[in-house]
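Since the model is a prediction, treat every value here as computed from it, not as a measurement. Letters go in sequence order (proteins before strands), and every chain restarts at 1.
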Amino acid sequence: MKNFYITTPIYYVNDAPHIGHSYTTVLADILTRFHKLIGYQTFFLTGTDEHGQKVQQAAAKRQVDPQIHVDEYNQRFKKLWEKMNIEYNYFIRTTDADHKEFVAECLQKLWDKGEIYSKEYEGWYSVGEERFFSEEELVDGKDPISGRPVEWLKEKNYFFKMGMYQQKLITHLEENPDWILPDYRRNEILGFLKQPLNDLCISRPKSRLSWGIPLPFDDEYVTYVWFDALINYVSGVRNRAYENGEPIWPASYHLIGKDILTTHCVYWPTMLMALEIPLPKHVLAHGWWLTGGSKMSKSSGTGVNPMDYMEQFGVDAFRYFLAREMVVGQDCTFSDDAFKRRINSDLANDLGNVLNRVHRLVLTNFEGKLPKATQIDAPAQELITLANQVREQVFSGITQVKLSQVIEDIMSLVRGINRYLEIKAPWKLAKDPSAKDELASVLFTAAEAVRLSLCFLWPVMPTKTMEGLAMLGTTCEGEKDLHWGKFQGGESFGEGAPLFPRIEVEKAPPPPAKTKEQNKPVLATDVPSLLDLRCAKIISVEDHSDAESLYVLKVDAGESEVRTICSGLKKSYTPEELKDRLILLFANLKPAPLRGIMSMGMLLAGDGEEGKAVLVDPPANTPIGTRALFKGIIPSESRELKIKDFDKISLYVKDKTIFCNDNRLEFNGTPVSCDVKDEASVH
RNA sequence: GGCGGUUUAGCUCAGUUGGUUAGAGCGACGGAAUCAUAAUCCGCAGGUCCGGGGUUCAAGUCCCUGAACCGCUACCA
């Protein structure tokens with residue numbers, strides 16, 4: 001018997017469940033049910049990650065014990081999964097005694113093998129993110145992710161010798177090209193592994209974090225998130241087995257979102273190698289559900305909350321949409337329009353309707369008892385052939401995790417039934433008493449095809465398909481029901497109402513005629529008019545914690561928010577020289593992360609002596625935010641520029657003032673100066 | 001800046017090792033039908049397969065080059 005063990009990440013218990021959690025879990029559930037349906041032994045593990053500082057703090061804030069806090073909060077996930085018809089085999093919690101025990105066992109084993117060592121470590125620590133940042137990563141002295149304050153900490157910690165496994169991991173990836181799916185994610189990891197792989201810090205002193213699993217060899221410490229969390233995939237099944245007694249590990253698939261690729265494709269396999277535990281068969285990274293227009297704009301207001309759709313239109317329709325619409329691996333947009341269109345056309349018009357047609361025809365013509373077929377003509381044979389073909393597609397597609405494709409294949413069978421009915425027109429046969437036999441055959445054939453379609457869709461919509469099958473007086477019990485020919489004739493049909501009511505959609509105004517054209521290339525001649533160069537003032541200067549030459553500057557460019565920019569001026573200026581100074585800011589440069597810190601623009605400077613940069617000087621009293629213009633060039637509407645667009649032109653200095661071609665740069669008529677010799681370029 | 005990917009009908013996408021009239025679903029339009037949830041079925045879309053070169057008897061499919069977009073990565077004055 002073939003085995004199938006799938007996992008979802010364990011979700012952080014403090015997080016409010018959202019579409020991301022739901023999608024991963026639904027996908028795991030559907031894949032599990034499909035494998036079960038086609039005859040595998042299956043095991044499905046999900047759960048919650050319940051240690052860490054955020055839990056400790058949240059509990060403290062509520063003045064409850066952390067354990068009580070997590071006991072309460074993990075219910076949010078459990079309840080959601082129940083509502084969503086998720087049939088996991090086990091829900092693991094990292095606070096389970098069994099899990100803690102196994103993590104400690106693993107740590108002890110690695111310690112005994114010399115795979116873990118201790119080392120003093122100093123750095124900037126962010127409580128909010130529960131991690132250290134290098135100097136360079138900080139933004140204005142704050143944590144670059146949440147912007148919260150950091151503190152300088154010096155402490156001993158324990159490290160796992162992850163670096164030792166770099167080559168072994170690369171070899172594994174090369175020998176197992178489908179270990180990471182989709183393949184482009186594998187390439188990312190191989191790229192990541194071209195650089196030296198560091199060892200992994202796996203501890204936190206209890207003085208700072210007490211809510212965790214103690215290191216068995218030093219009880220002043222607890223183990224750190226990933227070491228604790230990743231091991232759940234093994235600890236959750238090590239004392240369990242399939243019905244036939246076979247062990248469950250290794251996993252067939254670790255299902256993850258693309259954001260935790262590195263932890264699952266680098267940390268985890270090296271940990272397993274060190275522990276001498278077999279690796280999982282595949283890691284499958286899916287994409288994001290995007291809601292509401294462009295990610296940058298908050299004002300568009302077109303965002304929808306996908307979870308509302310589950311409440312409003314039912315769990316099964318919701319599951320169907322998630323599974324059908326997203327190609328596993330890719331991002332996908334969740335829109336009101338797409339949802340309603342998909343549900344109406346596939347579930348209401350095609351599937352629900354054909355079921356209803358057959359059901360009603362049998363009810364009115366045969367008093368609810370399925371008649372037996374007496375003949376198989378060409379159209380019927382064609383439908384049978386199609387059904388067999390779809391069966392093959394389901395079996396092969398599902399083992400390749402081509403879920404949206406499989407569903408589309410099943411729907412092609414549903415459409416085939418509608419076509420068959422149209423050809424045979426049983427409603428006409430019903431009016432001809434001499435055609436009773438033919439009518440019986442048509443309805444029998446159509447009913448069998450509908451039955452099969454519903455069985456195939458059971459993993460996606462467990463409840464609705466069973467309701468549909470009940471309308472046909474049958475059910476689906478597994479692989480044996482996946483063949484043509486289960487119906488014998490004589491089955492009593494049940495009661496029935498339309499399975500998927502059509503969603504009424506307001507007549508949408510005709511979509512604005514979109515002119516489909518790619519963004520026009522930026523021409524060199526257009527750059528001067530597009531440049532948004534502004535007077536700005538440096539408010540603060542800090543060293544980049546992880547870069548030798550970069551300062552992190554906060555500048556006031558006359559906007560509602562202060563901008564952070566990174567600038568390589570350490571060789572040229574001291575922080576004191578920079579503070580409160582007016583600069584020329586290239587404001588519409590596409591933001592780019594520099595050593596981990598987003599730089600929202602770039603300041604301009606000229607090439608001085610000895611490779612030093614000389615800042616451009618706006619005239620003394622220029623109001624902050626004033627835009628500098630090239631004389632004789634009319635500025636055009638602002639558009640975000642890339643650095644390569646800027647490189648298409650050259651700015652140079654003549655008589656201490658700045659020119660582009662022959663156009664001098666001015667603030668309200670006053671030239672902008674830069675104290676470098678003629679012909680020096682400015683950038 | 002580096003590496004990788006994407007760009008095919010109005011929309012979302014398939015297109016295997018290069019080979020007859022480039023496909024599917026949805027939508028739009030026209031028609032048929034009326035058992036059914038105003039659902040279904042049939043027909044139709046004259047798509048520069050992003051642009052430009054090249055290889056070939058033959059290219060969406062291989063090579064070069066330009067563009068846009070996306071991902072990873074990068075101390076860019």
Just jot down the side-chain contact (heavy atoms from CB on, under 4.5 Å) partners of [X], sequence neighbours excluded, or say none.
| X | answer |
| --- | --- |
| A/S681 | A/D607, A/H683 |
| A/Y652 | A/K654, A/F659, A/D662 |
| A/D350 | A/M411, A/V414, A/R415, A/N418 |
| A/L569 | A/Y551, A/S567, A/Y573, A/L578, A/L603, A/A613, A/L615 |

For atom [atom1] of [X] and atom [atom2] of [N], their distance in whole Å:
| X | N | atom1 | atom2 | value |
| --- | --- | --- | --- | --- |
| A/L594 | B/C72 | CG | P | 16 Å |
| A/I407 | B/C26 | CD1 | C1' | 16 Å |
| A/E408 | B/G23 | CD | P | 17 Å |

Discussion item. Nearest to the side chain of A/R415, heavy atoms from C-beta on, is which of B/C75, B/C70, B/C26?
Written reply: B/C26
Discussion item. List the residues meeting side chain to side chain donor-acceptor pair (under 3.5 Å) with A/H286, not counting sequence neighbours, and say none if there are none.
Written reply: A/T24
Would you mind classifying the nucleic acid contact of [X] as base, sugar-phosphate or nothing, using non-hydrogen atoms under 4.0 angstrom?
| X | result |
| --- | --- |
| A/L603 | sugar-phosphate |
| A/K402 | nothing |
| A/G608 | nothing |
| A/A430 | nothing |
| A/K612 | base |

Discussion item. One character per nucleotide, please: for nucleotides 32-39 of chain B, 5' to 3', B when the base has a protein heavy atom closer than 4.0 Å, S when only the sugar-phosphate does, - otherwise.
Written reply: --SBBB-S
Discussion item. Identify the stems formed by RNA chain B, where each pair is Watson-Crick or G-U wobble with both distances under 3.5 angstrom and a stem is at least 3 consecutive pairs.
Written reply: B:1-7 with B:67-73, B:10-13 with B:23-26, B:29-32 with B:40-43, B:50-54 with B:62-66
Worksheet entry | Whole-angstrom distance between B/U21 and B/C49, as gauged at atom C1' |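 Their C1' atoms lie roughly 16 Å apart.
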Worksheet item: Is there any ring-ring contact (aromatic ring centres under 6.0 Å, His included) pair reaching into residues 577-601 of chain A, and which pairs are they, with sequence neighbours excluded?
Response: A/F586-A/F646
Return all side-chain donor-acceptor pairs below 3.5 angstrom for residues 420-428 of chain A, not counting sequence neighbours, or 'none' if the list is empty.
unit_1 : atom_1 : unit_2 : atom_2 : d
A/E422 : OE1    : A/R357 : NH2    : 3.2
A/K424 : NZ     : A/D377 : OD2    : 2.4
A/K424 : NZ     : A/E438 : OE2    : 2.9

Discussion item. Just to be sure I understand the geometry, which residues of residues 182-192 of chain A put a non-hydrogen atom under 4.0 Å away from RNA chain B?
Written reply: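 Hits under 4.0 Å, by residue number: A/R185, A/E188.
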Worksheet entry | Distance (rounded to the nearest 0.5 Å) between A/M466 CE and A/L454 CG |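 It is 9.5 Å, given to the nearest 0.5 Å.
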Worksheet item: Using the benzene-type ring in the case of Trp, are the ring centres of A/F321 and A/F334 under 6.0 Å apart?
Response: yes
Worksheet item: Tell me, which pairs form a salt bridge (Lys or Arg N to Asp or Glu O under 4.0 Å) where one or both residues lie in residues 672-683 of chain A, sequence neighbours left out?
Response: A/K656-A/D675
Worksheet item: Residues in salt bridge (Lys or Arg N to Asp or Glu O under 4.0 Å) with A/R502, at least two apart?
Response: none
